[in-house]
Amino acid sequence: KPKYSIGDRVFGHYQKIPFIGSVGNDRQINDSGPEVTIHLDLPMKTKDGVHSIIIVKHKDIKRLTDHGTETTGLRRKSTRS
């Protein structure tokens with residue numbers, strides 16, 4: 001059973017580069033374990049070139065709930081005076 005559904009928002013690190021994107025596919029092709037295809041919000045430049053889609057393991061990503069505000073403990077400031 002897949003852990004992520006198509007369109008789920010996630011964040012993580014790929015080759016030590018942080019990213020935010022949407023799940024494209026949660027799959028297990030062979031015995032190497034489950035993989036997740038991520039469609040990145042912004043292109044990522046690595047030593048191999050520029051990527052807009054990456055494939056990562058489940059341990060490399062976390063579900064994005066509110067652009068990280070819940071996981072980092074940050075609070076939004078009120079704009080009202």
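All values below were derived from every heavy atom in this structure, side-chain atoms included, with hydrogens, water molecules and symmetry-related copies excluded. Along the sequence shown, the residues carry numbers beginning at 1.
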Exercise. Less than 4.5 Å apart, any side-chain heavy atom of Ile53 and any of Thr37?
Worked result: yes
For this session: Not counting sequence neighbours, list each pair that qualifies as a salt bridge (charged side-chain N to carboxylate O under 4.0 Å, His left out) and has a residue in residues 42-54.
Result: none
For this session: Report the distance from atom CD1 of Ile61 to atom CD1 of Ile20, rounding to the nearest 0.5 Å.
Result: 12.5 Å
Exercise. Would you find a donor on one side and an acceptor on the other, under 3.5 Å apart, between the side chain of Ser5 and the backbone of Asp8?
Worked result: no
Problem set entry | Of all pairs that satisfy ring pair (Phe, Tyr, Trp, His ring centres under 6.0 Å), the ones with a partner from residues 44-65, not counting sequence neighbours | Tyr4-His58
For this session: For the residue pair Ile38 and Ile55, establish whether any side-chain heavy-atom pair is separated by less than 4.5 Å.
Result: no
For this session: Please go through Ile6's hydrophobic cluster and name the other residues, only I, L, V, M, F, W, Y counting, with side-chain heavy atoms under 4.5 Å joining them.
Result: none
Exercise. Can you name the side chain to side chain donor-acceptor pair (under 3.5 Å) partners of Asp60, sequence neighbours left out?
Worked result: none
Which pairs of donor and acceptor atoms, one on a side chain in residues 10-19, lie under 3.5 Å apart (sequence neighbours left out)?
none

Exercise. Which is it for Val36 and Lys57 under the side chain to side chain contact (heavy atoms under 4.5 Å, CB included) test, yes or no, and what are the steps along the way?
Worked result: CA-CA 6 Å; Val36 181; Lys57 300 286 186 182; over 6 Å; no
Exercise. Any link between Val23 and Leu40 through a network of hydrophobic side chains (Ile, Leu, Val, Met, Phe, Trp, Tyr) touching at under 4.5 Å?
Worked result: yes
For this session: For residues 18-28, pull every pair meeting salt bridge (charged side-chain N to carboxylate O under 4.0 Å, His left out), keeping only residues two or more places apart or in separate chains.
Result: Arg27-Glu35
Exercise. Which heavy atom in Gly24 sits nearest to a heavy atom in His39, and how many Å separate them?
Worked result: CA-CD2, 3.4 Å
